[in-house]
Every structure is written in structure tokens, then in C-alpha cells.
Amino acid sequence: MDAETQAFLDLTEAEIASWTAARTAERDLVPPAAALPGVLENLALLRSQAALVFAALGDRAGDAPEAFVP
């Protein structure tokens with residue numbers, strides 16, 4: 001797993017807002033104030049879902065994905 005992904009997964013609920021502000025500033029993005037609570041909620045959900053996926057992968061988390069073959 002790369003360092004940025006690990007840093008994202010290590011965020012606490014309280015840190016998501018400041019992390020989001022820093023990331024959007026780095027990219028010259030300004031989310032509308034009315035949308036910001038939803039953005040923060042979605043990022044918190046994404047973080048928890050990603051943590052579940054990486055936990056399920058265990059040691060394989062850093063492996064290259066396999067192509068789906070039906």
C-alpha cells in the first residue's frame with residue numbers, strides 16, 4: 001500500500017475536515033459550502049470502506065490486482 005493511502009486510512013473522524021481542506025487547497029479546488037458536509041461524510045465512508053477492503057486483503061493488499069476472467 002502506498003504512503004498516501006495509508007495516511008488516508010490512518011485519519012480519525014476529527015482529522016478528515018482538515019485533511020480535506022489541505023487536499024482541496026493543494027489542487028486549487030473550492031467545494032461549495034453547502035456541499036462540504038456531504039463531501040466530509042462521503043470521505044469518512046470511503047475511508048471506512050477502504051479500511052475494510054485492505055483488512056480483508058491482508059498481506060495481499062500491496063499486490064497488483066488480477067484481471068477479471070469470467
Side-chain angles (χ1 to χ4, degrees):
M1 174 179 335
D2 64 73
E4 283 191 50
T5 302
Q6 187 62 58
F8 178 67
L9 294 176
D10 290 342
L11 291 172
T12 65
E13 293 287 327
E15 295 171 324
I16 290 177
S18 61
W19 178 87
T20 302
R23 297 286 287 194
T24 56
E26 290 170 5
R27 289 160 177 76
D28 293 324
L29 298 173
V30 180
L36 193 53
V39 169
L40 297 176
E41 183 179 342
N42 284 334
L43 285 170
L45 181 59
L46 175 63
R47 184 185 50 80
S48 65
Q49 290 173 336
L52 286 173
V53 169
F54 282 109
L57 288 172
D59 293 337
R60 295 188 57 204
D63 293 353
E66 296 177 17
F68 173 74
V69 179

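Atom CD of Gln49 has more than 12 heavy atoms from other residues, nucleotides or ligands within 6.0 Å.
Taking the salt bridge (Lys or Arg N to Asp or Glu O under 4.0 Å) definition, one finds that Glu26 meets it with nothing, sequence neighbours left out.
For the atom pair CG (Leu45) and CD1 (Ile16), the distance works out to 10.0 Å, reported to the nearest 0.5 Å. One finds the CG atom of Leu11 at 10.5 Å from the CD atom of Gln6 (value rounded to the nearest 0.5 Å). Rounded to the nearest 0.5 angstrom, Phe8 CZ and Leu43 CG are separated by 5.5 Å.
Within the structure, the salt bridge (charged side-chain N to carboxylate O under 4.0 Å, His left out) test picks out the following pairs touching residues 29-49 (sequence neighbours left out): Glu13-Arg47.
For the pair Ala51 and Leu9, the tightest heavy-atom approach, listed with the atom from each and the gap, is N-CD2, 3.6 Å.
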